[in-house]
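Read through the structure below, which is laid out as structure tokens, and then see the notes.
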Amino acid sequence: MSTYDQLTNASNMSDDVRYCATCSYFFLKFTLIAYATVFWLIGGFILAIGIYAEVERQNYKTLEGIFLAPAILLIVLGLMMFFVSFVGVLASLRDNLVLLKVFLYTLGVCLILELLGGLLALGFRNQTVDLLNKNVRKGMVNYYDDLDFKNIMDFVQKKFQCCGGLEYKDWEVNMYHNCTAPGPLACGVPYTCCPRNPSGVANTMCGYKVLNKERLELTDIIYVRGCTDAVFIWLMDNYKIMAVLLLSILLPQFFGVVVTWLYITRIEDAILEYENYQDSLLNSGEQRNPKNQSKMAKCCKCMPLFD
């Protein structure tokens with residue numbers, strides 16, 4: 001093969017290399033390894049917390065609703081993060097194109113589903129509120145039997161100064177607060193529905209016999225607005241905080257998609273360069289000396305076998 005032909009082949013090889021050729025192979029590789037490893041460890045940590053919380057919850061729970069079980073949600077989230085990130089770690093270490101594409105598509109699908117879920121929740125706000133109210137009322141039925149839900153509900157009622165799901169009268173669904181129930185809690189609401197006492201001492205009976213009274217009579221006694229509306233109003237008033245929170249969730253996933261995509265194209269370019277180089281050697285009749293194979297090429301199977 002003439003020098004002109006070799007130069008022409010080299011030029012064609014460089015034309016085949018895509019735009020990501022300017023990205024260092026090793027920079028992309030170690031960035032992806034670090035990215036996947038961090039989320040792998042985070043996923044394992046979340047999974048461990050979820051399993052521990054669920055084991056503890058089993059000793060006390062009577063509630064049968066995954067929607068209202070934080071431990072179950074932590075386990076599902078931890079499992080997804082752990083296994084998806086593990087695929088990313090393994091794929092980036094071995095330069096396995098199949099696993100890399102599985103990792104890429106999984107991240108992409110999760111990102112798209114999260115965006116669609118957010119848009120649907122905003123677009124069908126009334127249906128979202130109804131679904132939330134339905135599940136909150138289901139949790140209120142077993143308020144005193146499920147400590148996870150009780151702690152969450154107490155926090156929300158104190159933090160957002162609200163009571164119940166849609167309104168304070170939702171507490172009638174609880175067997176202890178129903179007006180037909182015996183005992184001092186009958187026809188009342190939990191003390192977390194009451195405004196804080198200036199002295200700091202909680203009055204556990206401040207919600208006594210309030211369910212049979214009208215809203216206007218209770219404005220100075222308990223919080224009368226429902227927690228669902230209170231939470232949504234807070235979200236609207238604090239849209240900047242919500243925007244930062246959403247970006248902190250979506251941007252890392254988007255970053256992972258971009259880095260994985262660039263890394264896949266970089267590997268494919270390296271494979272293409274090596275195949276073209278082999279073809280040029282065969283056409284010129286030269287023999288490849290395996291002793292010249294670099295140490296780095298032995299570690300990274302997809303790298304060209306020439307220095």
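Side chains are part of it too, since the values below use all heavy atoms of this structure and drop only hydrogens, waters and symmetry mates. The first residue of the sequence shown is numbered 1, and numbering continues consecutively from there. Worth saying up front: this structure is predicted, and the values here are computed from it rather than measured.
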Just verifying a value: how many Å separate [X] [atom1] and [Y] [atom2], rounded to the nearest 0.5 Å?
| X | Y | atom1 | atom2 | answer |
| --- | --- | --- | --- | --- |
| Y263 | T31 | OH | OG1 | 10.5 Å |
| F255 | L32 | CZ | CG | 9.0 Å |
| E172 | E167 | CD | CD | 8.5 Å |

Assess whether a salt bridge exists between [X] and [Y], defined as any Lys/Arg side-chain N lying under 4.0 Å from an Asp/Glu carboxylate O.
| X | Y | result |
| --- | --- | --- |
| K101 | E268 | yes |
| D130 | K134 | no |
| D95 | K29 | yes |

Taking side chain as C-beta onward, heavy atoms only, is [X] less than 4.5 Å from [Y]?
| X | Y | answer |
| --- | --- | --- |
| I33 | L93 | yes |
| P190 | W171 | yes |
| C162 | V156 | yes |

Heavy-atom donor-acceptor pair, [X] side chain to [Y] backbone, under 3.5 Å:
| X | Y | answer |
| --- | --- | --- |
| D170 | L166 | yes |
| T265 | L262 | yes |
| Q157 | G164 | yes |

Practice problem: May I have the step-by-step check of side chain to side chain contact (heavy atoms under 4.5 Å, CB included) for L41 and F82, ending in yes or no? | Solution: CA-CA 7 Å; L41 295 175; F82 184 84; over 6 Å; no
Practice problem: Group every Ile, Leu, Val, Met, Phe, Trp and Tyr by side-chain heavy-atom contacts under 4.5 Å, then state whether F39 and L247 land in the same group. | Solution: no
Quiz item: If you group Ile, Leu, Val, Met, Phe, Trp and Tyr by side-chain heavy-atom gaps below 4.5 Å, do V84 and I42 land in one group?
Solution: yes
Practice problem: Decide side chain to side chain contact (heavy atoms under 4.5 Å, CB included) for L97 and I267; before the verdict, give the C-alpha distance in whole Å, the side-chain angles of both, and the deciding distance to 0.1 Å. | Solution: CA-CA 8 Å; L97 284 175; I267 291 175; 3.9 Å; yes
Practice problem: Compare every heavy atom of L90 with every heavy atom of L99, then report the nearest pair and how far apart it is. | Solution: CD1-CD2, 3.8 Å
Quiz item: Checking side chain to side chain contact (heavy atoms under 4.5 Å, CB included) for the pair Q253/L111: CA distance, chi angles, key distance, verdict?
Solution: CA-CA 7 Å; Q253 296 179 66; L111 185 61; 4.1 Å; yes
Quiz prompt | Check SG atoms, C163 and C193, less than 2.5 Å apart | solution = yes
Practice problem: Show your working on side chain to side chain contact (heavy atoms under 4.5 Å, CB included) between V141 and R137 and close with a plain yes or no. | Solution: CA-CA 6 Å; V141 172; R137 286 173 63 88; 6.0 Å; no
Quiz item: Using the benzene-type ring in the case of Trp, are the ring centres of H177 and Y168 under 6.0 Å apart?
Solution: no
